[in-house]
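Below: the structure, in C-alpha cells.
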Amino acid sequence: MTIGEFARASRLSAKALRRYDELGLLPPARVDAYTGYRYYAGAQVERARLVAWLRRIGMPLAGVREVCALHGTDPGAAARAVRAHWARVEAETAERRGLAASLLDRLGGNTGMDDDMTTAVVRPHALLAAALSECGRVRETNQDRAHAGPRLLAVADGYGAAGDLAAGAALAALSAVEGLPAPGGRAGDLLNALEDAVHRADAGVGAAAPGSGTTLTAGVWTGSRLALAHVGDGRAYLLRDGDLVRLTRDHTAVQARVDAGELDPAEAAAHPDRALLLRALDGAEGGPVPDLSLHEGRPGDRWLLCTDGLSAVVPEAELRAALAAGAGPEDTARALLALADGRGGPDNASCVVADVLPADSARTDWGLSGGSGSGRP
C-alpha cells in the first residue's frame with residue numbers, strides 16, 4: 001500500500017506516518033531505495049489504528065510505544081497501561097471540575113436559583129422502586145448485585161474469581177450515600193460526596209476481592225433530582241412521556257472506537273472485545289474517576305439502572321416497551337429480566353426500576369436483591 005492508501009485505511013495523516021516512522025513506532029514495510037517512497041503492508045493497519053486510537057485519548061508517544069509493544073504479547077498488560085493512563089487523565093479532570101465548581105460558587109454566589117451548581121428548595125417527590133438480579137441460563141454463579149433503597153439505587157457487575165465479593169463490597173461501601181444531604185443542598189456538594197463514595201467503594205473492592213473488580217452504576221435521589229455515578233458498562237435510562245433516553249456511556253474499548261468513528265454501533269454490538277473495560281472498580285492505584293451527572297425528576301418519570309446482562313442482549317426498543325407497559329416496578333423488573341432470559345440468558349442480569357411519584361404520595365415499597373437467586377421470573 002502507498003502511504004496515501006495506508007493513511008486512509010489507518011485514519012492517520014501522511015505527516016503523522018512519516019513522524020512515526022522517524023520515531024521507529026510505525027516503520028513502513030518497504031522504502032524505495034531510489035524515490036524514498038514508503039510502502040506499507042495490509043497487516044500493519046491494525047497496529048496503525050491502535051496508534052491512532054491511543055493518540056486520540058492523549059497518550060504520550062512513550063506510552064503508545066509501551067502499549068504497542070505489549071499488545072502482541074500481553075494484551076492484559078496493554079489494557080492495564082491504557083487504564084492507568086486514563087485514570088491519570090480523569091484525576092486531572094476531576095481536580096479541574098472541583099475548581100470550576102468552587103469558582104462558580106464564588107463568582108455567582110448561592111442565590112437559591114436552580115442552576116448547574118445549586119439545587120433549589122422544592123417539595124420532594126417520592127420514589128417507588130424495586131431491584132432484581134438473576135443468574136441467567138449459562139453462568140454457574142451470580143456475580144451481579146442490585147439495590148433499591150430509600151435514596152440509593154445501584155447495580156454492580158462483578159468479574160474475576162471473586163467478582164461476587166467485589167460487587168457486594170462496592171454496594172456496601174456506597175450505602176453511606178443514603179445519608180447524604182437532603183434536598184436543598186448544593187448540587188456540587190452532592191456530586192463531590194458521591195464521587196468520594198465511589199472512591200471508597202473502589203478501595204473496598206480492593207480489600208475484599210484483590211485481583212477481581214466490578215462495574216458500578218448508582219443513583220442518589222434528592223427528592224427532585226437523581227445524582228448519577230457511573231463506572232463501566234452498566235447503564236442508566238430515563239423513560240419520560242414514552243421516550244427512553246440513555247443517560248450513561250459505556251467505558252469500554254469498543255465504545256471508544258465507536259466514538260472515534262472506527263466502528264458503527266452495529267459492529268460494536270457484535271465485536272468480540274465489547275466487554276473489555278477501560279474503567280472499573282478494582283482497587284488499583286489511582287482508581288477510576290466516575291462519570292457524574294444530575295438529572296431532574298418529575299412525577300411520571302421512570303428510571304432504569306441495569307447491568308450489561310440485560311442491555312447487551314435486549315434492544316432498547318424492547319426495553320422501552322417493557323418500561324412503558326404500565327406495570328409496577330417489581331413486575332416490570334421481572335418482565336425485563338424475562339426478556340434477557342428469552343434470549344438465552346447468556347450472562348447474569350440485574351436491574352433497578354424506580355418510579356417518581358407525586359409529592360403527596362405516601363407509598364414506600366422498596367425492593368432489595370443481593371443477586372443470590374438463580375430462579376427465573
Side-chain angles (χ1 to χ4, degrees), residues 119 122-134 144-157 171 177-178 183 194 216-230 233-250 291-342 349-369 377:
T119 301
V122 296
R123 190 179 183 191
H125 301 301
L127 277 186
L128 179 66
L132 190 64
S133 186
E134 289 285 345
D144 278 8
R145 295 294 183 267
H147 172 82
R151 296 186 61 202
L152 174 65
L153 313 174
V155 292
D157 180 359
L171 293 198
V177 300
E178 295 278 13
L194 184 54
L216 178 68
T217 302
V220 179
W221 178 242
T222 70
S224 61
R225 289 175 167 180
L226 189 73
L228 274 178
H230 169 65
D233 59 359
R235 291 188 179 175
Y237 294 91
L238 169 64
L239 180 75
R240 174 176 289 170
D241 299 329
D243 294 326
L244 186 66
V245 179
R246 181 173 156 190
L247 306 176
T248 55
R249 173 185 172 277
D250 295 347
D291 286 348
L292 300 171
S293 56
L294 201 62
H295 305 275
E296 177 193 6
R298 305 173 185 170
D301 285 351
R302 170 166 277 186
W303 311 99
L304 169 66
L305 277 61
C306 64
T307 60
D308 70 329
L310 176 62
S311 59
V313 298
V314 180
E316 286 190 0
E318 294 187 31
L319 295 179
R320 189 206 66 80
L323 290 166
E330 183 174 350
D331 288 342
T332 300
R334 293 187 180 280
L336 288 167
L337 296 195
L339 291 174
D341 185 76
S350 301
C351 66
V352 173
V353 179
D355 291 345
V356 181
L357 304 178
D360 58 355
S361 174
R363 299 174 66 187
T364 55
D365 181 16
W366 309 109
L368 173 64
S369 172

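As the structure is a prediction and not an experimental result, all values here were calculated from the model.
V155 is not listed as a side-chain neighbour of C306, based on a closest heavy-atom distance of 4.5 Å or more. Looking only at side-chain heavy atoms (C-beta outward), L336 and L323 come within less than 4.5 Å of each other. Residues T332 and D355 fail the side-chain proximity criterion, which asks for heavy atoms closer than 4.5 Å. Residues L152 and H147 meet the side-chain proximity criterion, which asks for heavy atoms closer than 4.5 Å.
Heavy-atom minimum distance, L310 versus A349: N-CB, 4.0 Å. A229 and L292 get closest at one heavy-atom pair: CB-CD2, 3.7 Å. Here the shortest heavy-atom pairing between R151 and E178 reads N-OE1, 2.9 Å. Of all heavy-atom pairs between G309 and A340, the closest is O-CB, 3.8 Å. When every heavy atom of L153 is checked against every heavy atom of A354, the shortest pair comes out as CD1-CB, 3.7 Å. Taking all atoms of both residues into account, the shortest heavy-atom contact from L305 to G219 is CD2-N, 4.0 Å.
With values rounded to the nearest 0.5 angstrom, L226 atom CG is found 8.0 Å from L294 atom CG.
For the pair R145 (side chain) and L171 (backbone), a donor-acceptor distance under 3.5 Å is absent. A side-chain donor-acceptor contact under 3.5 Å links D301 to the backbone of R298. In this structure, the side chain of W221 does not engage the main chain of G149 through any donor-acceptor pair within 3.5 Å.
The side-chain hydrogen bond (donor to acceptor under 3.5 Å, both in side chains) check on D250 picks up R235, R246, with sequence neighbours excluded. Residues passing the side-chain hydrogen bond (donor to acceptor under 3.5 Å, both in side chains) test with R320: none are found, sequence neighbours excluded.
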### Task
Would you sort out whether L238 and H295 count as a side chain to side chain contact (heavy atoms under 4.5 Å, CB included), showing the intermediate values?
CA-CA 9 Å; L238 169 64; H295 305 275; 5.7 Å; no
### Query
Do L132 and R334 pass the side chain to side chain contact (heavy atoms under 4.5 Å, CB included) test, and can you show the C-alpha distance, the side-chain angles, and the key distance before you say yes or no?
CA-CA 7 Å; L132 190 64; R334 293 187 180 280; 3.6 Å; yes
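Residues S350 and D144 have side chains that bring a donor and an acceptor to within less than 3.5 angstrom of each other.
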Table please: side-chain donor-acceptor pairs of residues 311-318 below 3.5 Å, with sequence neighbours left out.
| from | atom 1 | to | atom 2 | distance (Å) |
| --- | --- | --- | --- | --- |
| E316 | OE2 | Y237 | OH | 3.1 |
| E318 | OE1 | R343 | NH1 | 3.2 |
| E318 | OE1 | R343 | NH2 | 3.0 |
| E318 | OE2 | R343 | NH2 | 2.5 |

